[in-house]
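Before any comments, here is the structure.
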Amino acid sequence: MLDQDAERPVLRVTGKLLTAALGTVERAMPSIPSNTSDLEIDLSGADALDTGGAWLIADLKTRLEAEGRSVTIVGASDDQAALMAAVTKAIPEDESPEAPPTGFIPLLDRTGRGTVDAGKSVVSLLSFFGLILTRLVGVLLRPWRLRFAALFTQMEETGLKAVPIVALMGFLIGVVLAFQGAAQLRQFGAEVFVVDLIAVSVLRELGILLTAIIVAGRSGSAFTASVGSMKLQEEIDAMRTLGLDPIEVLAVPRILALLIMLPILGFIANIAGLFGGGLMSWIDLGISPGLFISRLYADVGVWQLAIGMIKAPFFALVIGVISIWQAFQVEGSSVSVGQRTTASVVQSIFLVIALDALFSVFFSEMGV
Amino acid sequence: MDGANTPLGEDNAQTDEVAIRVRGLKNQFGRQVVHENLDLDVMKGEVLGIVGGSGTGKSVMLRTIVGLNRPAEGSIEVLGVDVLHASEKERREVEKRWGVAFQDGALFSSLTVLQNVMAPMREHLKLPHHIMKSLAELKISMVGLPYYAGDKYPSELSGGMKKRAALARALALDPEIVFLDEPTAGLDPVGAAAYDNLIGELQRSLGLTVFMVTHDLDSLYAICDRIAVLAEKKVLVTGPIEMMTEIDHPWVQEYFTGPRARAAQGKG
């Protein structure tokens, strides 16, 4: 409460001035008349004071003193005086630091920096891609340098263990195509063309594309996370100091495993897709397996399969290079591993789809 | 060359042969210059402790010397080889003559401790497997790890054991120089003192040159022959620890005459 009767105004603090009560206290705080030049704050009635309470007093004192008025604090116990002194000392001097500039200029600044960074990462990715290619060729020329144990472990991890999910995915895609295709084609009485529909879309596009997407999510992320955490723990630096080439030890077996296993997985997805499509055509449209297979032979050329399979190694290279490149960008803390893993999956799926679109244009221009 | 290597410590060095000679080193990350015109000599057979405030680039200097970071300018000569301009073959030869133990061990997480210690031997030596295995077991026991530690994976080891295993791997090829990055950081005082003793013993018995980045005043008093202080982007001063209190530089004064320094001096 404010006592104005004394020769100079005294602000008497009574009861407990604690952080939890600051809201109420601030509202109940008497306003200090602007004509007072001398204020006394009497703490003798305060039973309890913590940093929050001390801040309230100290802040008031600083503000009034900034206006040229003088404030004296009286009646504080030794502990309270020590606390007041510590809090007063700790209050940041510059209350409002210069606000960061807003508006057009910073936007321009961010855009510029972002563009330069994007350009830099494209250059870095391309040079990494070149590095990987030279190492891959080097290993092919000198196969005894290849780390077979690592290669087979990675083939098992990325290939063998992915077979169930890839086969199931292919099967379901076949089922869905048969189901949706049948509904449309029945309107023209052209149910039997569902065989062509399934075979062409699965073999040419969907089988390999969806396999690549699953592998990017499954193995690409695993590559980035595992190699990224090695980078974080300085294992990659340790390799370099021991004369081991991290590209040769870590990247080559992983990328080579993908190059070998992705076509095989794609082929499995194709077969499963045809099987699912055939099964559904039989159940839904009454196209017998014999008829399905003979239409397959008659209408669908081997090129449809080849076009799908040709793309597989390219997708494998994209997934492998992106995921290892992202892993090598990890730095600082484990947060970075998470960010890089996410980026790795997003970028490899995006690039796989973009590459597929390019192939699509290329093959149709080539007339196959 | 400017006064980076003040003659304070020259008389205390074990030999006057230079193991590592750094001249005019400049390291720059983006616009931030970490080192400029940095000179340093490490004598053969000495334990050199590198100290400096946070962000003065102690670890960067270590990484630059062992070739993990390419400097913007300057020359680095290790055991008489100009490592920045050496051919691939020369570099591999000189790399065999040093070992590096990183701060958290940096053991290969997919290999056991024994395989970790054998990794450099596999890469550089053509030895029968059983000999490499015996040698690796010897190194593991030399760093004071129990026999069974060899079959453990790094994730199963405590921080102190990881550091010892990393030292065993650094010693795998019987190097002449050992680089240690913050060897006692994160260890309890008893473990740190034991590790200091270990480094001191190994250094004497194997005749090692030790290049040690550290914060630990106890280590400095216990085992370092000379100390190099990094400040103002260069090696401000080198010399034995007794000289350090006489250096007129605010950071050096604070570091070597503060309460912790007095405590460490009492012990040392």
Side-chain angles (χ1 to χ4, degrees), chain A residues 109 112-113 116-117 120-121 124 127 131 134-135 138 142 144-154 156-157 222-254 257 327-334 337, chain B residues 29-30 59-60 62-70 78 83 88-111 115-125 154-155 159 162-163 165-167 169-173 175 177-182:
Chain A
D109 182 67
R113 280 176 203 280
V116 171
D117 285 349
K120 277 185 188 158
S121 29
S124 143
S127 63
L131 186 65
T134 54
R135 289 296 194 283
R142 292 170 297 170
W144 61 91
R145 301 264 312 165
L146 184 59
R147 283 153 210 269
F148 283 98
L151 175 66
F152 291 136
T153 315
Q154 292 303 331
E156 185 187 345
E157 283 297 320
F223 288 178
T224 312
S226 65
V227 177
S229 70
M230 289 182 197
K231 171 99 196 294
L232 208 58
Q233 287 163 21
E234 297 184 304
E235 283 181 48
I236 290 179
D237 291 337
M239 276 179 196
R240 290 209 172 101
T241 61
L242 296 179
L244 294 158
D245 177 10
I247 303 283
E248 205 175 287
V249 177
L250 298 174
V252 167
R254 285 177 169 79
F328 276 76
Q329 310 299 309
V330 166
E331 54 188 16
S333 70
S334 49
V337 177
Chain B
F29 299 103
S59 293
V60 173
L62 188 152
R63 295 171 58 86
T64 309
I65 296 175
V66 301
L68 291 171
N69 177 49
R70 186 132 193 122
V78 182
V83 287
E88 182 90 353
K89 194 160 168 285
E90 279 177 309
R91 257 203 74 90
R92 278 182 77 86
E93 283 305 310
V94 74
E95 270 175 4
K96 276 196 240 175
R97 297 167 69 189
W98 75 55
V100 188
F102 288 90
Q103 190 169 354
D104 296 314
L107 297 167
F108 304 133
S109 44
S110 57
L111 304 179
Q115 288 168 332
N116 261 290
V117 179
M118 283 165 70
M121 302 186 196
R122 279 169 190 271
E123 189 60 24
H124 289 289
L125 306 175
S155 55
K162 269 187 211 166
K163 281 174 186 284
L167 186 60
R169 188 176 66 185
L171 294 174
L173 297 173
I177 306 176
V178 178
F179 294 91
L180 304 171
D181 192 359
E182 306 247 354

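Scope of the values below: all heavy atoms of this structure, side chains included, with no hydrogens, waters or symmetry mates. The structure presented is a predicted model; accordingly, all values stated were derived computationally and were not measured. Within every chain, numbering begins at 1; the chains are lettered A, B, ... in the order of the sequence lines, protein sequences first and strands thereafter.
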Quiz prompt | Heavy-atom closest pair, residues H124(B) and L242(A) | solution = NE2-O, 2.8 Å

Practice problem: For the pair F108(B) and L244(A), evaluate side chain to side chain contact (heavy atoms under 4.5 Å, CB included) and give the outcome as yes or no after the intermediate values. | Solution: CA-CA 12 Å; F108(B) 304 133; L244(A) 294 158; 4.2 Å; yes

Quiz item: Where on L107(B) is there a heavy atom nearer than 4.5 Å to chain A: the side chain, the backbone, both, or neither?
Solution: backbone

Quiz prompt | Derivation of the salt bridge (Lys or Arg N to Asp or Glu O under 4.0 Å) call for K162(B) and E234(A) | solution = CA-CA 13 Å; K162(B) 269 187 211 166; E234(A) 297 184 304; over 6 Å; no

Quiz prompt | Sidechain-backbone polar pair: E235(A) side chain, S109(B) backbone, donor-acceptor under 3.5 Å | solution = yes

Practice problem: Identify the residues of residues 97-105 of chain B whose heavy atoms come closer than 4.5 Å to a heavy atom of chain A, ordered by number, or report 'none'. | Solution: W98(B), V100(B), F102(B), Q103(B), D104(B)

Quiz prompt | Contact origin within R63(B) toward chain A - heavy atom pairs under 4.5 Å | solution = side chain

Practice problem: Please confirm whether the backbone N or O of G243(A) pairs with a side-chain atom of R92(B), one donor and one acceptor, at under 3.5 Å? | Solution: yes

Practice problem: State the OG1-CG distance between T241(A) and L62(B), to the nearest 0.5 angstrom. | Solution: 9.5 Å

Practice problem: Can you see which heavy atom on A106(B) is nearest to which on A238(A), and at what distance? | Solution: O-CB, 3.7 Å

Quiz item: Do NZ/NE/NH1/NH2 and the carboxylate oxygens of R147(A) and E123(B) come within less than 4.0 Å?
Solution: yes

